[in-house]
Amino acid sequence: MLTYQDFCKTYAFENCQTNTDAYDVFDFLCDPGNIYNMTIFSDLALPAISGLVENLENTFKNTASFPLTDGQNRKIVGRMVKFILGHFGYTPVTTSTNRNKLRNFSNAAFFKTAAIYSKTKNAVNSIQLQLI
């Protein structure tokens, strides 16, 4: 199970463990539908957050303690994505910059680049989606 506390320990963000806005962003990214979305875009060799970045920005752009208008917070979101996708067997693709521009269809306002991931190892976790 993915937890925000494990993420904070992994990346030495212990001082952020009580940041409820950052926790909410992590929780948003851990939604099974969003994880599935990130894996699909990764499998298409596109930045993982391409399909959810507009909703992510609209939901969290002006939070009090973790606004996505702050570049440092966007970097932390990138680390959250790396932590989450790592549990599903995905690692960042190594390129000269290891980042790629988000395409226009993503409608991103603040995020301009994001990492592309590829499936390189066995997953520790699996996604359980329910069809309705």
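In this text the structure is predicted, and so the values were computed from the model without any measurement. One is the number of the first residue; the rest follow in order along the sequence.
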- Message: Does atom NZ (Lys112) have a neighbourhood of more than 12 heavy atoms from anything else shown, all under 6.0 Å?
- Response: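 Yes, because the 6.0 Å sphere around NZ of Lys112 holds more than 12 heavy atoms from other groups.
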- Item | Residue pairs, two or more places apart or on separate chains, that pass side-chain hydrogen bond (donor to acceptor under 3.5 Å, both in side chains) and touch residues 18-29 |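 As it turns out, the side-chain hydrogen bond (donor to acceptor under 3.5 Å, both in side chains) pairs with a partner in residues 18-29, which skip direct neighbours, are Asn19-Ser65, Asp21-Ser65.
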Minimum heavy-atom distance [X]-[Y], with the two atoms named:
X: Ala108; Y: Val53; answer: CB-CG1, 3.8 Å
X: Tyr117; Y: Ala48; answer: CD1-CB, 3.7 Å
X: Gln5; Y: Gln17; answer: O-NE2, 3.7 Å
X: Pro47; Y: Leu102; answer: CB-CD2, 3.6 Å
X: Ile84; Y: Leu2; answer: CG2-CD1, 3.8 Å
X: Glu57; Y: Asn107; answer: OE1-O, 4.1 Å

Tell me whether [X] contacts the main-chain N or O of [Y] through its side chain, where contact means a donor paired with an acceptor under 3.5 Å.
X: Thr39; Y: Tyr36; answer: yes
X: Asn73; Y: Pro67; answer: yes
X: Asn100; Y: Ala115; answer: no
X: Ser50; Y: Leu46; answer: no

- Is a side-chain donor-acceptor pair under 3.5 Å present for Thr120 with Thr91?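 Result is yes, a qualifying pair exists.
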- Task: Take Asn37 and Ile40 through the side-chain contact (heavy atoms from CB on, under 4.5 Å) test and state the conclusion after the steps.
- Result: CA-CA 5 Å; Asn37 185 316; Ile40 293 298; 5.8 Å; no
So how far is it from [X] [atom1] to [Y] [atom2], rounded to the nearest 0.5 Å?
X: Ser106; Y: Ile49; atom1: OG; atom2: CD1; answer: 7.5 Å
X: Asp31; Y: Met38; atom1: CG; atom2: CE; answer: 9.0 Å
X: Ile76; Y: Lys82; atom1: CD1; atom2: NZ; answer: 14.5 Å
X: Asn34; Y: Phe28; atom1: CG; atom2: CZ; answer: 4.5 Å
X: Ile116; Y: Asp43; atom1: CD1; atom2: CG; answer: 12.0 Å

- Between Phe60 and Phe66, is a side-chain contact (heavy atoms from CB on, under 4.5 Å) present by the stated rule, with each step listed? CA-CA 8 Å; Phe60 300 104; Phe66 197 76; over 6 Å; no
- Tell me, please, which residues at least two apart from Tyr90 pass ring pair (Phe, Tyr, Trp, His ring centres under 6.0 Å).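 Tyr90: no ring pair (Phe, Tyr, Trp, His ring centres under 6.0 Å) contacts found.
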- Can you list the residues that meet the ring pair (Phe, Tyr, Trp, His ring centres under 6.0 Å) rule with Phe26, with sequence neighbours excluded?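 Counting only residues at least two positions away or on another chain, Phe26 forms a ring pair (Phe, Tyr, Trp, His ring centres under 6.0 Å) with Tyr4, Phe7.
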- Item | Same cluster (ILVMFWY, side-chain, under 4.5 Å), Phe110 and Leu52 |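 Looking at the clustering, Leu52 is in a separate group from Phe110.
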- Could you tell me whether the side chain of Asp70 reaches within less than 4.5 Å of the side chain of Arg74, counting heavy atoms only?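 No. Closest side-chain heavy atoms not under 4.5 Å.
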- Verify side-chain contact (heavy atoms from CB on, under 4.5 Å) between Met80 and Tyr11, making sure each step is shown before the conclusion. CA-CA 9 Å; Met80 289 177 181; Tyr11 287 97; over 6 Å; no
